[in-house]
Amino acid sequence: MKLLSVVVNSFGCSATGERLVSAARDGDFQEAQALLEYNPRLARYSTFGVRNSPLHYSAAHGHHEIVCLLLQSGVDINLRNYRGQTALMQACQHGHWEVVLILVLFGANVHKADYLNGGTALHLAATNGHSRCIRLLLADYIPSIPNFREIMSQLMDNEESISEFDHRGLSQIINRTADGGITALHMAALNGQVESVQLLLELGASVSEVTLADGTVIDLIGAGSTALHYAACGGNAKCCQLLIARGASLTAENENGWTPLMVARSWNRSWLEDILTTEPVDRPKLIPSRYLSLPLMSIVQIAREYGWNSKSTPGCQDPCVVCLERKCTVAAEGCDHEFCTRCALYLCSTNCGTTIFRGPPGSVSCPLCRNGIVSFVKLPGKAVKQIAITSLSLPICQSSNETPSKPTPLTTQLRSRKLCRVHDTPMAVSFCCQRLPSINLCQKTPNICHSLVPRCANRNSKNHLARC
């Protein structure tokens with residue numbers, strides 16, 4: 001009887017966890033909220049085999065509200081699946097920048113690498129050309145100063161340290177290598193992601209980094225290849241021009257003895273021969289990336305310290321001019337226009353610099369006066385209640401022979417359902433599960449891959465290289 005009780009309890013918790021997984025995957029916020037209110041420990045549930053948690057599913061499908069709900073329930077933000085991928089990696093792979101923003105605000109680790117090829121969230125974002133996600137990943141490394149581009153150009157020309165900000169951390173994360181010595185710039189160049197290549201170069205990505213001979217990586221180009229070799233294989237002329245303008249060598253040979261021109265010829269990229277043959281007389285100046293967004297660091301720090309997810313207050317005397325719902329909590333340095341923290345975050349994350357305005361390169365255009373915003377400051381006396389992140393200890397489900405206490409009422413969405421109730425005992429937390437509605441746990445799910453989002457199975461040789 002005791003063994004049967006344990007089995008019944010385990011099945012009940014598993015079934016409830018599957019319901020939370022379904023809600024996270026489908027974006028059913030009310031269902032997820034009701035389940036977590038009844039049992040917050042369900043946030044740590046993971047599926048059998050691939051070990052994907054509800055946080056992985058919601059991040060991979062871009063449901064940022066459910067991501068925020070799960071984080072407030074105390075789930076480990078750096079939880080890994082069987083491939084070693086975190087929710088941040090899944091969000092960067094599929095380009096869900098709102099999820100990336102929330103995970104960065106809650107302190108997700110951007111340095112973690114997966115188990116298969118050592119790639120980080122930056123590698124995944126660069127491979128798929130999600131430049132906005134790249135910029136959000138580096139929010140803590142790019143200072144909100146007006147002369148940032150001039151400092152970076154001096155660093156690349158003189159190779160000397162400048163005391164205005166510590167560029168070593170930025171250089172390490174930008175040029176971090178996966179298995180085989182592949183950097184984010186290699187992957188962006190191979191896949192022809194022009195905007196990502198431009199942003200990475202703007203932030204100091206090295207064009208001289210070469211790949212390594214690694215038996216775990218299938219490299220059809222050859223070890224010792226630079227990003228220009230990979231761009232020549234990918235066949236994007238604009239990527240080649242950007243790399244050459246930044247100083248990439250046309251005569252560099254890899255371990256196969258191939259130059260970028262020879263790589264282009266071997267992959268039948270005949271349209272690149274003129275670009276890869278003649279050295280430029282003068283190095284052209286690169287246009288600033290429209291995703292640079294200099295004020296991002298300042299507003300992220302303010303949001304972490306004072307909170308950002310404040311509720312709307314209808315009829316407030318000092319509303320934000322963007323949303324007209326929340327109180328103004330920050331001011332733009334320079335023009336002194338005031339915004340709420342949430343709108344300032346979205347302004348820095350979505351602004352692409354397409355509007356003509358007065359300000360240094362990389363500043364964000366003020367929606368009121370079109371002046372460039374370089375940083376934000378906190379308004380005095382207008383602090384927002386900060387979100388507390390709790391850490392829950394989640395023991396294994398145990399059966400209990402004690403009489404359960406009177407159950408707490410559920411929300412409206414689950415009032416007619418009987419779930420697994422949690423009871424505190426002096427020694428540990430025990431679960432007493434009752435009858436559950438019939439749930440079909442063995443549904444057919446065709447075309448579902450381990451990356452959580454269906455993907456086409458046909459891949460050419462270039463995509464085969466992108467997996468390295």
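Numbers for residues simply follow the sequence, beginning at 1. Remember, it's a predicted structure, so these values are computed and weren't measured experimentally.
A donor-acceptor pair is defined here as one N or O able to donate and one able to accept, closer than 3.5 Å; no such pair exists between the side chain of T127 and the backbone of M187. Between the side chain of H64 and the main chain of V99, no donor-acceptor pair closer than 3.5 Å is present. Side chain of T211 to main chain of G224: a donor-acceptor pair is present (N/O by atom type, distance under 3.5 Å, no hydrogens or angles). Although no hydrogens or angles enter the test, the distance criterion places a donor-acceptor pair under 3.5 Å between the side chain of R304 and the main chain of V104. Between the side chain of N39 and the backbone N or O of R41, at least one donor-acceptor pair lies under 3.5 Å. Although no hydrogens or angles enter the test, the distance criterion places no donor-acceptor pair under 3.5 Å between the side chain of S375 and the main chain of P295. Under a 3.5 Å cut-off, the side chain of H56 and the backbone N or O of L79 do form a donor-acceptor pair. In terms of modelled atom types and a separation under 3.5 Å, the side chain of D26 and the main chain of D28 share no donor-acceptor contact. Between the side chain of S22 and the backbone N or O of E18, at least one donor-acceptor pair lies under 3.5 Å. Put simply, the side chain of H229 never gets that close to the backbone of H186: no donor and acceptor are under 3.5 Å apart.
Test T86, N52, D114 against N81 for side-chain hydrogen bond (donor to acceptor under 3.5 Å, both in side chains) and you get one pass: N52. The only member of I66, L70, L36 that meets side-chain contact (heavy atoms from CB on, under 4.5 Å) when paired with P54 is L70.
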Checklist entry - Under the side chain to side chain contact (heavy atoms under 4.5 Å, CB included) criterion, do L203 and M152 qualify, and how do the steps go? => result CA-CA 7 Å; L203 300 178; M152 293 303 299; 5.6 Å; no

Item to check | Stepwise side chain to side chain contact (heavy atoms under 4.5 Å, CB included) check, S249 with L228 | outcome: CA-CA 8 Å; S249 175; L228 187 58; over 6 Å; no

Checklist entry - Under the side chain to side chain contact (heavy atoms under 4.5 Å, CB included) criterion, do R176 and T120 qualify, and how do the steps go? => result CA-CA 9 Å; R176 178 170 177 175; T120 63; 3.8 Å; yes

Next on the checklist: Let's go through I182 and T177 carefully: what are the C-alpha distance in whole Å and the side-chain angles of both, what is the deciding distance for side chain to side chain contact (heavy atoms under 4.5 Å, CB included) to 0.1 Å, and is it a yes or a no?
Outcome noted: CA-CA 5 Å; I182 297 175; T177 59; over 6 Å; no

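Side chains of E333 and V374 form no contact here, defined as non-hydrogen atoms less than 4.5 Å apart. Side-chain contact between E195 and R290 is present, with at least one heavy-atom pair separated by less than 4.5 Å. The closest side-chain heavy-atom distance from R135 to L296 is below 4.5 Å. Side-chain contact between L347 and V322: absent, with no pair of heavy atoms (C-beta onward) separated by less than 4.5 Å. In this structure, L122 and I134 have side chains that are in contact, with non-hydrogen atoms separated by less than 4.5 Å. Using a 4.5 Å heavy-atom cutoff, the side chains of T226 and N254 are not in contact. Using a 4.5 Å heavy-atom cutoff, the side chains of F376 and F339 are in contact. In this structure the side chain of I77 never reaches within 4.5 angstrom of the side chain of N109, judged on heavy atoms.
In terms of heavy-atom proximity, V300 sits nearest to A139 at CG2-CB, 4.2 Å. Nearest approach of I287 to E202, heavy atoms of both residues: O-OE1, 4.0 Å. A pairwise comparison of heavy atoms in L250 and T259 identifies O-CB, 3.9 Å as the closest pair. Nearest heavy-atom pair across K238 and V194 is CG-CG1, 3.3 Å. Smallest separation of non-hydrogen atoms from V364 and S293: CG2-OG, 3.7 Å. Across all their heavy atoms, A189 and V197 have their closest contact at N-CG2, 3.7 Å.
Here the CZ atom belonging to R25 is positioned 10.5 Å from the CG atom belonging to L20, to the nearest 0.5 angstrom. Distance check: Q33 CD to Q30 CD gives 7.0 Å after rounding to the nearest 0.5 Å. The distance from the NE2 atom of H96 to the NE2 atom of H61 is 7.5 Å, given to the nearest 0.5 Å. The OG atom of S196 sits 10.5 Å away from the CG atom of L201 when rounded to the nearest 0.5 Å. The SG atom of C233 lies 4.0 Å from the CD1 atom of I221; values are rounded to the nearest 0.5 Å. Taking NE2 of H94 as the reference point, atom NE2 of H130 lies at 8.0 Å (rounded to 0.5 Å).
Residues Y346 and E98 bring a donor and an acceptor atom of their side chains to less than 3.5 Å of each other. Side chain to side chain, Y57 and Q90 fail the donor-acceptor criterion of an N or O pair below 3.5 Å. T329 and T341 share a side-chain donor-acceptor pair at under 3.5 Å.
Aromatic pair W97/Y291: ring centres not closer than 6.0 Å.
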